[in-house]
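Worksheet: the structure to be examined is printed underneath.
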Amino acid sequence: MIATNLQNLRDRINEKCTACNREPGEIKLIAVSKFFGIDAINEAKSLGIIDFGENKAQELRDKFELIGSKVTWHFIGTLQRNKAKYAVKAAEYIHSVDSIQLAEELNKQAEKLDKFQNILIEVKTSEEESKAGIYTENEIVKLAEYCREKSNLILIGLMTMAPFTDDAKKIRKSFSDLRKLKDKLNNQGFDLKELSMGMTNDFEIAIEEGSTMLRIGSAIFGQREYSKDWRQL
Ligand SMILES: *Cc1c(COP(=O)(O)O)cnc(C)c1O
């Protein structure tokens, strides 16, 4: 099933890229493997997937112990400071930096491991209460400036989640707001290259709006079964 899903997904990504004059090679496809087991990850890997995304620090830690650095790990979920060390150990990219306190802890952990940690700032581009990330531009600039000063952090871009809605206009606005914010920061001397945006239900709009990192779970692995433990799959 993963093979067919992936074929369909890659076809859709390629079609959308052709339609808006973009190169598929400039977009990283991150397979979001949360709630799925080691077999599913290995299968996706055998089909050419290199990048995997997880949203819980312990789950990432445990999967990293089993799979290691054969794949590239991305941490995409809310991160508590006391679990920052797991994310730094396993993940080449941390997409969800949303406070100075977290950035400080990530830098400390990265220093310990003598590692340069790629990070993205998570921006809240919708009014949905449930969405994480920073809201005001002023705060985002402050955090970006803070990260730039830190020896072991490499700020590479911005991440967002669009609102959960069928209203394509609202989704598009969320993504275009993120792109504009990136351009604005770059005009102020930052060098942000990545826009992490687009999931199963909205990745085509994200590609049109300039996404460089798609985080896609169910379109690859199928529906998540939240009642099951990934270790038993
Ligand atoms: C789960 C998750 C995704 C993937 O969601 P799908 O709808 O299954 O593609 C992407 N980003 C984040 C932050 C997630 O938690």
Side-chain angles (χ1 to χ4, degrees), residues 1-2 4-13 16 27-37 40-41 43-44 47 49-61 63 71-80 83-84 86-87 90-99 102 118-126 128-135 156-168 170-171 174-175 178 194-207 209-230 233:
M1 185 187 72
I2 294 177
T4 319
N5 287 349
L6 210 44
Q7 187 56 55
N8 291 337
L9 176 62
R10 284 176 167 142
D11 287 347
R12 283 172 65 191
I13 293 172
K16 184 45 77 180
I27 302 175
K28 211 189 269 294
L29 174 58
I30 301 165
V32 177
S33 46
K34 64 188 188 197
F35 288 94
F36 284 92
I41 295 174
E43 188 177 348
L47 296 163
I49 295 285
I50 299 161
D51 294 275
F52 289 85
E54 292 287 337
N55 74 333
K56 296 221 164 60
Q58 280 111 325
E59 189 169 334
L60 173 62
R61 176 196 64 192
K63 286 178 176 171
V71 304
T72 300
W73 295 102
H74 296 249
F75 189 78
I76 60 174
T78 304
L79 186 55
Q80 285 158 353
K83 292 178 188 142
Y86 305 141
E92 200 145 321
Y93 300 85
I94 297 175
H95 293 232
S96 42
V97 179
D98 61 358
S99 73
L102 177 60
N118 293 309
I119 57 166
L120 295 89
I121 291 178
E122 181 169 3
V123 179
K124 187 169 148 101
T125 51
S126 75
E128 260 175 44
E129 278 302 316
S130 62
K131 294 285 188 290
I134 325 186
Y135 206 64
I156 60 165
L158 305 176
M159 179 271 225
T160 200
M161 281 173 97
F164 186 70
T165 169
D166 288 335
D167 187 342
K170 285 191 181 150
I171 294 172
S174 170
F175 293 152
L178 195 73
E194 309 293 340
L195 288 173
S196 169
M197 56 191 202
M199 311 180 7
T200 293
N201 289 324
D202 55 23
F203 72 85
E204 280 153 324
I205 303 175
I207 292 173
E209 295 300 330
S211 172
T212 63
M213 291 177 148
L214 302 174
R215 309 179 311 267
I216 298 188
S218 25
I220 297 173
F221 295 109
Q223 287 305 317
R224 288 178 285 276
E225 292 193 53
Y226 294 102
S227 59
K228 285 195 184 150
D229 185 336
W230 63 269
L233 293 173

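In each ligand, atom 1 is the first atom listed, and ligand 1 is the first ligand listed.
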TODO: With side chain to side chain donor-acceptor pair (under 3.5 Å) as the test, would you mind laying out the steps for Ser96 and Glu122 before giving the verdict?
DONE: CA-CA 5 Å; Ser96 42; Glu122 181 169 3; 4.7 Å; no
Task: side-chain contact (heavy atoms from CB on, under 4.5 Å) assessment of Phe36 paired with Ile41 - done: CA-CA 7 Å; Phe36 284 92; Ile41 295 174; 5.5 Å; no
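Judged by the 6.0 Å and 45° rule, Lys63 forms a cation-pi pair with Trp230.
Ligand 1 is surrounded by Val32, Lys34, Asn55, Ile76, Met161, Met199, Thr200, Arg215, Ile216, Gly217, Ser218, Arg224, each with at least one heavy atom closer than 4.0 Å.
Checked by atom type and distance alone, the side chain of Ser99 pairs as donor or acceptor with a backbone atom of Leu102 at under 3.5 Å.
The pair Lys228-Glu225 counts as a salt bridge, with a side-chain nitrogen and a carboxylate oxygen less than 4.0 angstrom apart.
The aromatic rings of Phe35 and Tyr226 sit perpendicular to each other, their planes meeting at more than 60°, with 30° as the lower class boundary.
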